[in-house]
2 protein chains.
Amino acid sequence: MNVEFINPFLSSLMNVLETMAMTKLEPGKPSMKKEEVSRGDVSGIIGMASPQTKGSLSVTFEESLALSIMEKMLGERPDTINEEVTDMVGEITNMVTGGAKNMLGDKGYDFNMATPTIVSGKNHTISHQCESSTLIIPFTSEHGKAYIEVSFDVLVK
Amino acid sequence: MNVEFINPFLSSLMNVLETMAMTKLEPGKPSMKKEEVSRGDVSGIIGMASPQTKGSLSVTFEESLALSIMEKMLGERPDTINEEVTDMVGEITNMVTGGAKNMLGDKGYDFNMATPTIVSGKNHTISHQCESSTLIIPFTSEHGKAYIEVSFDVLVK
């Protein structure tokens, strides 16, 4: 997978969270996923597909961070990961992918977005199944960790 | 969502598991997802997208059933959900979606498949975020439960 794929997702997530929830994420070093595992409590997953490319993106949050994002957006902090939180994570996933889609479209990579799926469960892990490797970027914030994982197979360019 | 979308996924899953792993699933009653939640230990998720449609599919297994499928395919039963098991669940997700894609293509619904993402984590739940409703089908077997969830937004037909 080409590294130029990852930056649009990274800057999209940081953008979305700053704009929607005044939450600043500090990106860590992107790495190819091998030993590294993104482990969290709520994840948004979205598929990307076109005749030329296929791939998947996940955005994973620790519960503390997801709840604090909700609090900043709505003024109230839910006790736990409820349906409002999963809807919000789905929305963030959509916006991150939509933002990246625009930037990648300018570079000649075009794809259609599937609808997001949201997973809730303490300490779950994610793996992306594709032919190329998966890139993972860890983020830290004062309220907890987040991860983006992106994998992309370019079939033809 | 049109009910004619769901049967190809249902028959594809039953087919794949019978052929690959001599595992017979008994389908329960499909329902619109409201109270119903599919809860399991390992899930394969795949996005579907085209200019006309977008959606997502998940196949969720209880650990006991996933391990028994591995045992029937390889002759050895892993102790736990390891990388081989998640790869196998990703493969099943791909095959189920590919099978359904062929059947739906014959009916004039065409989409590109994204790459599958696999989630592992005790007792996680899944929610699909789309405008139409999500259909859920529970399956039982002698080794545990499985669930398919499909959601599909048809933008234009």
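Please read all numbers here as calculations on a predicted model, not as lab measurements. Numbers restart at 1 for each chain; the letters A, B, ... are given by sequence-line order, proteins then strands.
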How would you list all residue pairs meeting salt bridge (Lys or Arg N to Asp or Glu O under 4.0 Å) that involve residues 85-101 of chain B, not counting sequence neighbours?
B/Lys101-B/Asp110
Among residues 57-73 of chain A, residues within the sub-4.5 Å heavy-atom range of chain B, in order of number, are none
Determine, using the 4.5 Å side-chain heavy-atom cutoff (strictly less than), whether B/Met20 and B/Val85 are members of one ILVMFWY cluster.
yes
Quick one: of B/Gly47, B/Ser43, B/Gly90, who has the most non-hydrogen atom pairs under 4.5 Å with chain A?
B/Gly90
Between A/Met103 and A/Leu25, is there a shared hydrophobic cluster once you connect ILVMFWY residues whose side-chain heavy atoms come closer than 4.5 Å?
no
In Å, rounded to the nearest 0.5 Å, how long is the span from OG1 of A/Thr86 to NE2 of B/His128?
11.5 Å
Rounded to the nearest 0.5 Å, what's the gap from OG1 on A/Thr125 to CD1 on B/Ile81? Could you check?
9.0 Å
Counting only heavy atoms not in A/Glu18, do more than 12 sit closer than 6.0 Å to its CD atom?
yes
Measure the NE2-CG distance between B/His124 and A/Asp41 for me, rounded to the nearest 0.5 Å.
13.5 Å
May I ask you to list the residues in residues 92-99 of chain B that approach chain A closer than 4.5 angstrom, counting heavy atoms only, ordered by number?
B/Asn94
Drop me the distance from A/Gln129's CD to B/Met88's CE, to the nearest 0.5 angstrom.
11.0 Å
Is there any residue in residues 111-121 of chain B with a non-hydrogen atom under 4.5 Å from a non-hydrogen atom of chain A, and which ones are they?
B/Asn112, B/Met113, B/Ala114, B/Thr115, B/Pro116, B/Thr117, B/Ile118, B/Val119, B/Ser120, B/Gly121
